[in-house]
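Comments concern the structure below.
Chain naming here is simple, since letters A, B, ... match the order of the sequence lines and numbering starts at 1 in each. All heavy atoms count here, side chains included; hydrogens, waters and symmetry mates do not.
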Protein chains: 2
Amino acid sequence: LDPRPIGIFDSGLGGLTVARAVRQALPRERIVYFGDTARIPYGNKSPQTVIRFSRQIARFLGRQRVKFLVVACNTASSWALESLRREAGVPVLGVIEPGAHAAVEVTRNGRIGIIGTEGTVASGAYPRAVRSLRPGARVRMQACPLFVPLVEEGKVSGPVTDLVAREYLRPLLRDRIDTLVLGCTHYPLLKAALQRLVGRHVRIIDSAEETARVLKWSLEQMSLLSKGRGGERFYVSDLSAKFRDHAQRFLGRPIRRVTRVSIERY
Amino acid sequence: LDPRPIGIFDSGLGGLTVARAVRQALPRERIVYFGDTARIPYGNKSPQTVIRFSRQIARFLGRQRVKFLVVACNTASSWALESLRREAGVPVLGVIEPGAHAAVEVTRNGRIGIIGTEGTVASGAYPRAVRSLRPGARVRMQACPLFVPLVEEGKVSGPVTDLVAREYLRPLLRDRIDTLVLGCTHYPLLKAALQRLVGRHVRIIDSAEETARVLKWSLEQMSLLSKGRGGERFYVSDLSAKFRDHAQRFLGRPIRRVTRVSIERY
């Protein structure tokens with residue numbers, strides 16, 4: 001038994017979908033969440049910068065004495081996992097492997113579409129993860145750089161979103177994928193619009209729930225589960241006027257208390 | 001005569017349009033440009049964060065011994081000008097006042113539309129600047145948060161951009177503006193698309209050239225002009241794969257040398 005909290009971070013607030021899934025799967029665990037809202041987005045920045053930012057956040061969460069680090073950001077999971085694992089001193093779980101695992105379980109025709117940021121696509125982390133689980137799978141990736149700003153603006157449906165989504169998804173549909181992985185924590189808010197577009201025969205995979213499942217399994221294996229009353233603390237690097245609104249959209253309920261952190265000091 | 005360089009900064013590479021205009025207006029001046037590409041965008045972040053980032057950059061440019069600081073970013077000009085003027089120890093020019101000045105000169109019916117980021121709109125800096133020059137002017141502002149990501153993705157024309165632009169500009173056109181200020185350094189790349197949309201009777205004002213004009217005038221007034229051979233140095237906080245491509249789009253020619261700076265240390 002280990003009462004220390006679980007650390008979860010993202011480039012912004014999208015990772016709250018992971019925090020929500022972890023809370024549901026592990027209600028007795030304490031969660032410390034950090035969202036790098038001052039430096040969001042990570043998706044179009046260089047690997048060096050994404051790694052540097054991720055290490056600062058891991059050091060901050062280390063100070064909060066977390067027992068496990070969950071990298072809820074797909075771009076950070078793509079580039080920074082190795083370096084975090086070397087330094088963190090606690091187990092580190094990204095969202096790529098759980099998403100890839102779920103896709104391989106679900107697909108029938110072996111044709112898997114994965115959408116994400118430019119960074120996530122450029123890293124090749126998803127195809128590597130899928131092929132290590134099922135060498136014959138056919139993976140088609142597509143960067144969707146306008147999805148994050150659309151979600152941030154609350155445009156989760158409507159003509160602009162449909163037009164943009166149709167353009168991005170066309171090559172995947174032409175490949176006759178039967179499984180679509182949402183490889184960015186912002187995308188679950190677009191799920192309804194995307195499902196309409198791809199049709200009911202394509203299964204959409206949101207890695208948040210799968211990540212929570214793998215986390216639970218890992219905590220059990222390592223005897224790191226807590227039997228406490230649970231609880232959450234939220235930290236961000238920027239508190240904008242829209243913060244509460246955005247946070248509620250991803251978390252599914254209001255955030256009461258949040259603390260701003262000067263993350264570049266870590 | 002003063003051979004020290006002019007410092008110009010922006011949240012990213014959009015301010016290169018200002019650097020280009022300054023170079024044309026003042027070919028004998030040396031320019032030091034800083035683009036905060038690791039933390040872009042500023043437009044939807046809190047005033048506190050925009051001010052903190054701007055002060056770090058001003059300190060970095062201070063170390064480069066600049067004689068004049070040009071804040072090419074509209075959002076930073078909206079929030080940080082006062083605090084930079086208190087600290088910089090050199091004259092500080094933003095892009096808001098030059099843009100407002102040009103708008104007041106150009107308008108015939110006194111109805112001025114201004115588009116910018118959410119931060120720029122929330123600050124009220126443009127309406128204040130316009131009304132101080134012409135109290136009776138009618139200013140209508142519109143935040144266009146999707147324009148920066150569209151430009152960053154190279155979507156400077158096409159159906160998505162047209163659809164988004166039409167939605168943003170509708171209230172301005174309903175107000176029968178005859179002048180439209182591009183209140184963000186990314187927007188000049190959308191000028192052709194916007195001009196088609198608003199029609200030829202609406203004059204579009206790009207504050208880059210106006211800012212260069214005011215800068216020249218100020219340097220003359222303060223006897224700060226240089227008689228050197230000119231020159232440029234470029235610094236950024238993140239060097240992504242797309243950097244050269246983006247930089248060339250804004251500067252109008254390739255950047256040969258660029259240096260990455262850990263700006264959070266300043």
Salt bridge (charged side-chain N to carboxylate O under 4.0 Å, His left out) between B:Arg20 and B:Glu232, intermediate numbers included:
CA-CA 10 Å; B:Arg20 165 155 71 162; B:Glu232 298 158 314; over 6 Å; no

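Side chain of B:Tyr126 to backbone of B:Thr120: no donor-acceptor contact under 3.5 angstrom is found. In this structure, the side chain of A:Asp175 does not engage the main chain of A:Ile177 through any donor-acceptor pair within 3.5 Å. Here the side chain of B:Gln195 pairs a donor or acceptor atom with the backbone of B:Val202 at under 3.5 angstrom. Without hydrogens or angle criteria, B:Tyr187 side chain to B:Gly116 main chain gives a donor-acceptor distance under 3.5 Å.
Interface remark: B:Ala241 contributes no atoms to any contact with chain A (heavy atom separation under 4.5 Å). Residue B:Tyr42: no heavy atom, backbone or side chain, is found under 4.5 Å from chain A. Looking at B:Pro47, there are no atoms closer than 4.5 Å to chain A (heavy atoms on both sides), in backbone or side chain. Only the side chain of A:Phe53 comes within less than 4.5 Å of a heavy atom of chain B; its backbone N, CA, C and O stay farther away.
When each of A:Lys155, A:Glu153, A:Lys242 is scored by its heavy-atom pairs under 4.5 Å with chain B, the top score falls to A:Glu153. Note: B:Pro145 leads B:Pro41, B:Pro159, B:Pro145 in heavy-atom pairs under 4.5 Å with chain A. Between chain B and the options A:Gly119, A:Ala38, A:Pro149, the largest number of non-hydrogen pairs under 4.5 Å is found for A:Ala38. Comparing A:Ile40, A:Asp36, A:Thr37 by heavy-atom pairs within less than 4.5 Å of chain B, the highest count is held by A:Ile40.
Ring centers of A:Phe60 and A:Phe9: at least 6.0 Å apart, outside the cut-off.
Residues of residues 77-87 of chain A having a heavy atom under 4.5 Å from any heavy atom of chain B: none. Residues of residues 252-266 of chain A lying under 4.5 angstrom from chain B, judged on non-hydrogen atoms, are A:Arg260, A:Ser262, A:Glu264 in numerical order.
Salt bridge absent: A:Lys45 and B:Asp238 never bring a charged side-chain N and a carboxylate O closer than 4.0 Å. Ionic pairing of B:Glu152 and B:Arg249 is not present here: no N-O contact between side-chain nitrogen and carboxylate oxygen is shorter than 4.0 angstrom.
Within 6.0 Å of CZ in B:Arg65 there are 12 or fewer heavy atoms belonging to other residues, nucleotides or ligands. Counting non-hydrogen atoms of other residues, nucleotides and ligands closer than 6.0 Å to CZ of B:Arg59 gives a total above 12.
With rounding to the nearest 0.5 Å, the separation of CG in B:Leu61 from OH in B:Tyr33 is 10.5 Å. Rounding to the nearest 0.5 Å places OG of B:Ser157 at 7.5 Å from CG of B:Asp162.
Side-chain contact check for B:Asn74 versus B:Thr117: every heavy-atom pair is 4.5 Å or farther apart.
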